[in-house]
*Asks:* 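Once you've had a glance at the structure underneath, I'll fire off some questions.
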There are 2 protein chains.
Amino acid sequence: MNLRDLQYVVSVADLGHFGRASAACNVSQPTLSGQILKLENELGVQVFERDGRTVRVTERGAAIVAHARRAVNAAADLIAAARASRDPLDGPIRLGVIATVGPYLTPYLLPAAARDLPKAPLLLVEDLTSHLLPLLSEGKLDAAVIATDPPSDRLESIDLYDEAFWLMTAPDDPLSRRKSARIADIDPTNLLLLADGHCLRDQALDLCGQPNLGGGASADMRAASLETLLHLVAAGFGVTLAPRMAVDTWDVNGGRLRAVPLEGKDVTRRVRLVFRRDMPRRAAVEELARTIRGAAPPCVSASPPQATP
Amino acid sequence: MNLRDLQYVVSVADLGHFGRASAACNVSQPTLSGQILKLENELGVQVFERDGRTVRVTERGAAIVAHARRAVNAAADLIAAARASRDPLDGPIRLGVIATVGPYLTPYLLPAAARDLPKAPLLLVEDLTSHLLPLLSEGKLDAAVIATDPPSDRLESIDLYDEAFWLMTAPDDPLSRRKSARIADIDPTNLLLLADGHCLRDQALDLCGQPNLGGGASADMRAASLETLLHLVAAGFGVTLAPRMAVDTWDVNGGRLRAVPLEGKDVTRRVRLVFRRDMPRRAAVEELARTIRGAAPPCVSASPPQATP
DNA sequence: CGGGGGCGATAGGAATAGCCAATCGCGTCC
DNA sequence: GGACGCGATTGGCTATTCCTATCGCCCCCG
């Protein structure tokens, strides 16, 4: 048995296709087929069920694939640890960012990271929190920027900054004249929300105290991205809550939107950097956290220096 | 990089000696040396520090050894899972037993296990709880019989039986005439205890409400085994608490000891089978638990059928 | 119904990696 | 100062792994 064989098994299990798996592993298809077959013979267990068209993991093979994955991940961590022990700040960092942070943070982050982490290019992945966290656990990401409570278990987090929510309205909205507003001023039936899965949607619902809002026209208006949402607001379909960093870009852009700060210190979200607890390159992640904290614009306030669960 | 190489690394780290490690891995010493050297070159990290006499893991190597261990364990689990998926009850079970249970349970257990688990010979290891639990976590044991609260974390447990403590005295002790006794009847300064580390010692102290007894002659009498302890009691040095199953052997043996049951339903210990949560051969462990519950003599009462944390 | 294409298995030969026995170099200990 | 213990080195063999080319199978489509 060989680590490479296990890599083959994981790859076939993931892709469900010997040919594509072999390409992913940079070997020929016969090689991969042969090694899988050899392993199945060694173990006396058929891991995959091939019936001409599709490849599936057998019931008995599932446990084997799981253990193979563990072994492969451990080996990958070992290599990462070796590189990290030479220079933790050397080598790419795969960073996930949630969709309501990514577009606004990235322009500040990239130059700062290029300066602070010259040998660690950032490979950015933008997705929902619920997609990023599994990728972290599987070792497919080194760290992720999220805005929900830090998940406990095998993940750890560093607080980055607190970001206020502002009320975004069309220019002709009555609220747009105000210097500031309160949550209570918002008409829930007029509140536009992001699609399911975005933490910003849940936070807006939570702030407005309506876990099951879902009435009126807004129910049909679940924007797939914050940009779309703000376009809807500008077009007069309603109002929404936007994170502070999204305000600047839009407020300036031709005045099609108005941004009104909200009163109350709880009208914020805390943005955190999360990573796997036994990540080999902790030093790189910590440096990245420092970089983000330093690079974030003054409109968001850095969180207390350290806070990990 | 190869799983075998990682096995070599783990072995050298554990044994601190290339020659012994090579023997443990069933390869020649030059082979092992060569592979370790090759791996260190590949990784660009010196994992071991050799200075003629001793071999130590370097600071930078520690993380690498840890990851290597993870990978090796995962691979071992994979093989175990493969065998288990053919027949979970096939293959040896490495069973740890605490010292105050082992000598008395084993005679009942072995025949029953040979009947219920004919293809799973038991490899018994007798040691202190604090030694058995790490062995479980490291995958060097499949299960262990302990008598303390089930450790949470990555271990799981099945309740086996509740075992009463009896008061053991010399024949000429005043208490030996009684049909039963209470804890309060025991003179703490007269109580003999096992050496540190035995859970029975802690439980006896706990029951007698004296976490820091340690006075009088008994302070110098910390027996290394329950057998030694009972010999001391028979020789008139004091009294002790013994688990119920230890009573039978001694009470019969020539009347050199008296056993007095203790009143109160809390004067018991619960004996459990613990095992790693992601153990591949759960079915074998569960069958082993059933076997032990069935084989335990009537003097101990089987715990409620199922209880896992 | 019969050819084309996609997919995994098979065959044979070449490159590579791992292994062993023998030996070396270096320290330590008697 | 010689014997010994330990890890590193060398040279040659073997087993594994890999590749290209090809086969057999099944599905699809004309």
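Chain letters run A, B, ... following the sequence lines, proteins first, then strands; residues in each count from 1.
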*Asks:* Can a side chain N or O of A:N2 be found less than 4.0 Å away from OP1 or OP2 on D:dT16?
*Replies:* no
*Asks:* Are the charged groups of B:R50 and B:E40 less than 4.0 angstrom apart, N to O?
*Replies:* yes
*Asks:* Between D:dT17, C:dG18, D:dA8, which nucleotide has the shortest distance from any of its atoms to the side chain of B:R50?
*Replies:* D:dA8
*Asks:* Output the rounded distance in Å from CG (B:L39) to P (C:dG18).
*Replies:* 10 Å
*Asks:* For DNA chain D, which residues in residues 6-30 of chain B have a heavy atom at a distance below 4.0 Å?
*Replies:* B:H17, B:F18, B:G19, B:Q29, B:P30
*Asks:* For A:K140, what residues pass the salt bridge (charged side-chain N to carboxylate O under 4.0 Å, His left out) criterion, not counting sequence neighbours?
*Replies:* A:E138
*Asks:* Between B:L128 and B:I98, is any pair of side-chain heavy atoms under 4.5 Å apart?
*Replies:* no
*Asks:* Check the distance between D:dG7's P and B:Q46's CD and give it to me in whole angstrom.
*Replies:* 14 Å
*Asks:* Nearest to the side chain of A:K38, which nucleotide is it out of D:dT17, C:dC20, C:dG18?
*Replies:* D:dT17
*Asks:* Expressed in angstrom and rounded to an integer, what is the separation of B:F48 atom CZ from D:dC6 atom C1'?
*Replies:* 15 Å
*Asks:* Expressed as a whole number of angstroms, how long is the span from B:R4:CZ to D:dT17:C1'?
*Replies:* 12 Å
*Asks:* Rounded to whole Å, please give me the gap between CD1 in B:I36 and P in C:dG18.
*Replies:* 13 Å
*Asks:* Is A:E286 salt-bridged to A:R290, going by a charged N under 4.0 Å from an acidic O?
*Replies:* no
*Asks:* Answer whether the closest heavy-atom distance between the side chains of B:I36 and B:V47 falls below 4.5 Å.
*Replies:* no
*Asks:* Given B:D77, which of B:R282, B:R83, B:R281, B:R276 fulfils the salt bridge (charged side-chain N to carboxylate O under 4.0 Å, His left out) condition?
*Replies:* B:R276
*Asks:* Would you say B:T31 reaches C:dC20's phosphate, i.e. side-chain N/O to OP1/OP2 under 4.0 Å?
*Replies:* yes
*Asks:* Between P on D:dA8 and CD on B:E49, what's the gap in Å once rounded to a whole number?
*Replies:* 13 Å
*Asks:* Send over the distance from B:Q35 CD to D:dA15 P, rounded to a whole Å.
*Replies:* 17 Å
*Asks:* Kindly compute the distance separating NE2 (B:H131) from CG (B:L141), expressed to the nearest 0.5 Å.
*Replies:* 12.5 Å
*Asks:* Tell me which nucleotide among D:dC19, C:dA9, C:dG18 gets nearest to the side chain of A:S33.
*Replies:* C:dA9
*Asks:* Roughly how many Å is it from CD in A:E40 to C1' in C:dG8, rounded to a whole number?
*Replies:* 12 Å
